[in-house]
**Student:** 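To start, I am sharing the structure in question, which I have written as structure tokens.
Note that ligands are numbered from 1 as they come in the structure, with each ligand's atoms numbered from 1 the same way. The figures that follow rest on heavy atoms only: side chains count, while hydrogens, waters and symmetry mates do not.
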Amino acid sequence: MANDSSFLFAGIRFDRKKFGADIARFQKKDSDTDSAMILSAAEDEGEKTIEPLEEEKVAASTTKKRKRKGTSSETVEGFNVFRSSTSVAQSNDEVRVIEESVELYNNNKKEQNKQLERDAIFRKQHKIHVSGYNVPSPLQSFDELKSRYNCPSYLLRNLKELGFREPTPIQRQAIPVLLQGRECFACAPTGSGKTLAFVWPMLMKLKDPEKGSIRAVILCHTRELSVQTYRECKKLAKRKKIRIKLMTKNLLRNADFSKFPCDVLISTPLRLRLAIKRKKIDLSRVEYLVLDESDKLFEPELFKQIDSVIKACSNPSIIRSLFSATLPDFVEDRARELMHDAVRVIVGRKNMASETIKQNLVFTGSEEGKLLAIRQSFAESLNPPVLVFLQSKERAKELCSELAFDSIRVDVIHSDLSQAERENAVDNFRAGKTWVLIATDVVARGMDFKGVNCVINYDFPDSAAAYVHRIGRSGRAGRTGEAITFYTEDDIPFLRNVANLMAASGCEVPSYLMKLRKKKWKKHRPKRDSISTKPDL
Ligand SMILES: Nc1ncnc2c1ncn2[C@@H]1O[C@H](COP(=O)(O)OP(=O)(O)OP(=O)(O)O)[C@@H](O)[C@H]1O
């Protein structure tokens with residue numbers, strides 16, 4: 001106390017002689033307390049206690065002294081009213097620490113803002129538009145999957161083996177969003193790699209197989225698309241221990257779903273709904289649900305089926321995502337109702353045809369004119385593979401029998417065929433055995449026939465979405481393609497709609513078409529004359 005520098009004691013002389021005995025008693029107590037403290041600390045440390053080094057002892061005693069000094073100023077009703085020089089130094093230290101934290105915070109904030117600016121520029125370059133809170137930065141390269149998300153090397157090797165060097169815009173943005181555990185609804189042009197954008201995060205998120213529980217579900221609107229997605233998943237998941245299953249008719253009939261060894265299930269909504277109803281398949285542990293071609297799935301005829309699947313996937317931490325090349329407002333509304341804190345990702349302009357497709361309109365006058373036009377076009381230059389769309393299976397069959405006489409390797413696909421026949425038709429077209437595949441809208445969406453040179457809309461599409469998806473079977477993965485749309489008098493009221501889509505994706509459109517009146521596009525399937533030239537018997 002004699003050495004205490006507090007001004008309160010200035011000028012007071014302490015009679016050390018008179019109080020010598022007391023001083024000795026206090027000093028003893030002080031050093032006793034110190035050794036007691038050291039002892040108890042050593043006991044706490046137990047077997048770990050090692051004799052401290054000399055400097056450590058000195059440091060420890062100074063710390064303690066500092067501590068005692070620090071508490072030496074008087075406390076009145078909880079307030080420290082007298083500040084010693086040490087406490088001033090201490091508060092200086094505190095101020096410095098606060099200043100440093102503020103500086104750090106400001107620097108972080110600046111760096112964050114710079115990153116946001118860089119992200120915005122990068123997104124603009126790739127025509128990526130996002131909305132949502134705290135959207136993660138887009139991927140600059142596939143290598144970032146390793147550096148940012150610790151993606152296993154064997155998965156990256158799979159990408160290299162498939163020849164994928166750079167992520168496409170939808171992959172750049174949707175993959176980080178889903179890896180961040182965010183729900184997502186996304187719209188990107190046909191053929192722009194949406195499948196990888198939802199399969200990849202799923203493969204990275206799903207750890208090794210678990211006993212008897214389905215952990216991911218991908219819903220596709222047709223069996224053909226389910227088969228294709230199943231194959232894509234298998235290719236991407238090569239070397240990964242994961243059980244990917246396709247819901248076939250056979251599986252639905254015979255499987256015991258209570259012991260079903262499956263991590264990822266790919267199905268049409270109808271089959272999965274039947275499995276839920278009849279077989280009590282358990283989807284309560286599904287962590288990842290994808291609705292591919294989501295706008296189609298949300299249409300009234302499929303909505304009931306997907307609704308029961310969504311309800312059965314009751315895991316509260318599920319990540320759901322919606323993907324399509326067309327995203328009407330009603331689907332966005334549904335997505336917002338359904339999802340929590342979702343991120344919206346749009347590449348290019350919503351509901352647009354791919355810019356890599358050269359689009360043409362051809363007036364054929366009548367149904368007869370269409371047959372002449374297609375024959376003439378094939379006679380002049382048939383550049384297979386060519387895909388031809390018609391509005392009904394009857395018409396598709398008729399055209400197929402007409403063209404079969406012309407020594408063209410032609411085949412047809414529609415919903416009257418058995419599954420095996422449909423798969424054959426797709427495989428033969430892919431293998432180049434079929435040059436011209438005549439189809440209904442059953443293969444208009446999602447199907448990835450590599451290198452289709454030309455799509456012919458023999459019958460005018462019945463909606464803007466149908467136009468975008470049909471012609472999108474060509475000009476995929478950055479390749480160029482061509483689309484020809486025949487029209488007759490019956491189709492003229494809806495011509496302007498197609499002209500608008502063409503203009504929006506950068507095609508030249510005759511000015512008179514842009515002056516036509518715009519008519520709201522309802523399901524346009526006029527009754528058309530028969531294609532068949534065979535005389536009625
Ligand atoms: N990063 C990539 N680099 C090169 N090719 C890719 C890449 N990602 C996907 N592809 C290829 O692009 C093609 C189209 O991909 P995908 O079928 O996923 O398109 P999509 O966007 O789903 O089209 P759609 O809207 O018609 O369903 C496929 O052949 C696929 O293998």
**Student:** Is it the case that ligand 1 has an N or O less than 3.5 angstrom from some N or O of Q228?
**Tutor:** no
**Student:** Verify whether one side chain among D119 and S137 offers a donor that lies under 3.5 Å from an acceptor in the other.
**Tutor:** yes
**Student:** State whether the shortest distance between N or O atoms of T190 and N or O atoms of ligand 1 falls below 3.5 angstrom.
**Tutor:** no
**Student:** Where is the nearest protein heavy atom to atom 25 (O) of ligand 1: which residue, which atom, and how far?
**Tutor:** K194 NZ, 2.7 Å
**Student:** Would one find an N or O of G193, backbone or side chain, under 3.5 Å from an N or O of ligand 1?
**Tutor:** yes
**Student:** Which one holds for H469 and ligand 1: side chain close, backbone close, both close, or neither close, with close meaning a heavy atom under 4.0 Å?
**Tutor:** neither
**Student:** Consider ligand 1: state whether an atom of it lies below 4.0 angstrom from any non-hydrogen atom of R473.
**Tutor:** yes
**Student:** Does only the side chain of E166 get under 4.0 Å from ligand 1, or the backbone, or both, or neither? Count heavy atoms.
**Tutor:** backbone
**Student:** Decide, yes or no, whether a salt bridge links K433 with D427 under the criterion of side-chain N to carboxylate O below 4.0 Å.
**Tutor:** no
**Student:** Between D448 and ligand 1, which residue portion shows a heavy-atom distance shorter than 4.0 Å: side chain, backbone, both, or neither?
**Tutor:** side chain
**Student:** Tell me, which protein residue and heavy-atom name are nearest atom 30 (C) of ligand 1, and how many Å apart are they?
**Tutor:** F164 CZ, 4.0 Å
**Student:** What about E232: any of its N or O atoms under 3.5 Å from an N or O on ligand 1?
**Tutor:** no
**Student:** Ion pair present between R395 and E367, side-chain N to carboxylate O less than 4.0 angstrom?
**Tutor:** yes
**Student:** Does G163, backbone or side chain, put an N or O under 3.5 Å from an N or O of ligand 1?
**Tutor:** no
